[in-house]
Amino acid sequence: MPPTLKTSNIKVSYERRRKHGVVHQLNWDDGQWQHQITADGSVRVDIFQEELDQQWGKKELAVLSTAGVSISRLDLDGSFSSITDDTQSIILTSGCTIPVLHTLQELWIYDIDVDLDVFLRILAYTTACTEITELNFYVCEVPDKVDPGIIPPLLKEGGVKVDWRSKAGIWYRLDFNTGSWKRLR
């Protein structure tokens, strides 16, 4: 196991689908998987800004997705930079990229300012994630309004929720018909 991984705060886990899911978390000291009990049956991955020098994350995510393992949630906390022009990869602040994760269910992006161009590329990336149900912008600045004609139809048809929590702590959901944000809570 590379020494840089052992000193990081990255938590690597996977879950087996069962009536009562079993979570296995990697112990960095001995390289063995430890068991925890959960009711859910999927993987959650957190990538924090201070952990971005880890090249392995990109490869592991792609392997999980290609193998058909559901990735319940990908948190990009201070690590999101942009989306490639072809909308096929997330660019992290480290310069690493994460390819489309077909089995990703939720994508959470934290604490960034998103202009309209990047926002639309994020929406396009999301449509390529065939199991996606939620896209969340947490404490971000997002466009006030989006022309509903340029919102990818697959988002509307797939029932994907696009939510935003403002810096004021108020939750909104993107209305695909009007392109405006509707207050939730």
Side-chain angles (χ1 to χ4, degrees), residues 9-11 40 42-54 57-58 60-62 64-65 70-185:
N9 291 327
I10 297 175
K11 292 180 182 147
D40 190 297
S42 57
V43 175
R44 176 175 167 168
V45 180
D46 301 308
I47 300 177
F48 299 98
Q49 187 167 2
E50 63 270 14
E51 298 162 348
L52 292 177
D53 59 341
Q54 312 303 331
K58 163 184 145 179
E60 295 301 318
L61 286 170
L64 289 170
S65 185
S70 288
I71 302 169
S72 64
R73 182 167 159 171
L74 174 61
D75 284 355
L76 299 176
D77 191 350
S79 57
F80 177 89
S81 176
S82 190
I83 297 281
T84 56
D85 290 338
D86 66 1
T87 70
Q88 295 302 302
S89 295
I90 293 172
I91 303 170
L92 301 175
T93 56
S94 67
C96 294
T97 58
I98 299 174
V100 168
L101 302 171
H102 298 287
T103 62
L104 179 62
Q105 296 168 358
E106 293 181 28
L107 176 59
W108 286 68
I109 299 174
Y110 293 78
D111 197 26
I112 62 165
D113 293 345
V114 182
D115 64 21
L116 181 59
D117 178 58
V118 172
F119 184 78
L120 292 173
R121 284 190 277 148
I122 293 169
L123 294 182
Y125 174 90
T126 303
T127 62
C129 302
T130 54
E131 291 186 24
I132 196 93
T133 58
E134 290 184 35
L135 169 61
N136 292 280
F137 295 91
Y138 193 83
V139 191
C140 294
E141 290 294 328
V142 296
D144 293 333
K145 189 170 170 94
V146 179
D147 177 356
I150 59 175
I151 296 172
L154 287 175
L155 285 181
K156 300 174 191 177
E157 296 163 10
V160 177
K161 298 173 190 168
V162 179
D163 292 344
W164 162 51
R165 183 179 183 265
S166 69
K167 292 182 179 179
I170 301 168
W171 280 97
Y172 299 90
R173 177 158 297 148
L174 183 61
D175 181 317
F176 296 135
N177 295 319
T178 65
S180 60
W181 296 96
K182 303 293 183 189
R183 188 176 178 153
L184 291 177
R185 329 171 192 174

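These values consider heavy atoms only, across backbone and side chains, with no hydrogens, waters or symmetry-generated copies. The first residue in the sequence is number 1, and the count goes up from there.
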Does the [X] side chain pair with the main chain of [Y], one donor and one acceptor, at a distance under 3.5 Å?
X: Trp164; Y: Leu174; result: no
X: Thr130; Y: His102; result: yes
X: Asp147; Y: Gly149; result: yes
X: Lys145; Y: Thr178; result: yes
X: Thr133; Y: Gln105; result: yes
X: Tyr110; Y: Ser79; result: no

Non-hydrogen atoms of [X] and [Y] that approach each other most closely:
X: Val139; Y: Lys167; value: CG1-CG, 3.6 Å
X: Gly179; Y: Ile151; value: CA-CD1, 4.3 Å
X: Thr84; Y: Gln88; value: OG1-N, 3.3 Å
X: Val146; Y: Leu120; value: CG1-CD2, 4.0 Å
X: Thr93; Y: Ser81; value: N-CB, 3.8 Å
X: Asp163; Y: Trp181; value: C-CZ3, 4.1 Å

Open item on the list: Please determine whether side chain to side chain contact (heavy atoms under 4.5 Å, CB included) holds for the pair Val162 and Phe176, giving the CA-CA distance in whole Å, both sets of side-chain angles, and the decisive distance to 0.1 Å.
Closed with: CA-CA 9 Å; Val162 179; Phe176 296 135; 3.9 Å; yes
So how far is it from [X] [atom1] to [Y] [atom2], rounded to the nearest 0.5 Å?
X: Glu134; Y: Leu107; atom1: CD; atom2: CG; answer: 10.5 Å
X: Leu123; Y: Thr87; atom1: CG; atom2: OG1; answer: 10.5 Å
X: Asp111; Y: Ile109; atom1: CG; atom2: CD1; answer: 12.0 Å
X: Leu74; Y: Leu104; atom1: CG; atom2: CG; answer: 6.0 Å
X: Thr97; Y: Ile83; atom1: OG1; atom2: CD1; answer: 10.5 Å
X: Arg165; Y: Ile170; atom1: CZ; atom2: CD1; answer: 9.5 Å

Task: Test side chain to side chain contact (heavy atoms under 4.5 Å, CB included) applied to Ile90 and Phe80, step by step - done: CA-CA 7 Å; Ile90 293 172; Phe80 177 89; 3.7 Å; yes
Open item on the list: I want to check something: taking the side chain as every heavy atom from C-beta on, are Leu154 and Val160 in contact at a cut-off of under 4.5 Å?
Closed with: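 Counting from C-beta outward, Leu154 and Val160 never come under 4.5 Å.
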Task: Which residues share a salt bridge (charged side-chain N to carboxylate O under 4.0 Å, His left out) with Asp117, sequence neighbours left out - done: Arg121
TODO: Might you work through the side chain to side chain contact (heavy atoms under 4.5 Å, CB included) test for Ile132 and Leu101, ending with a clear yes or no?
DONE: CA-CA 9 Å; Ile132 196 93; Leu101 302 171; over 6 Å; no
Open item on the list: Tell me every residue that passes ring-ring contact (aromatic ring centres under 6.0 Å, His included) with Phe137, counting only those two or more places apart in sequence or in another chain.
Closed with: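 Listed in chain order: Phe119.
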- [ ] For Asp144, look at atom CG and say whether over 12 heavy atoms of other residues, nucleotides or ligands are found less than 6.0 Å away.
- [x]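 Count not over threshold, so no.
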Task: Crowding at NZ, Lys156 (>12 non-hydrogen neighbours, <6.0 Å) - done: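 Counting other residues, nucleotides and ligands, NZ of Lys156 exceeds 12 neighbours.
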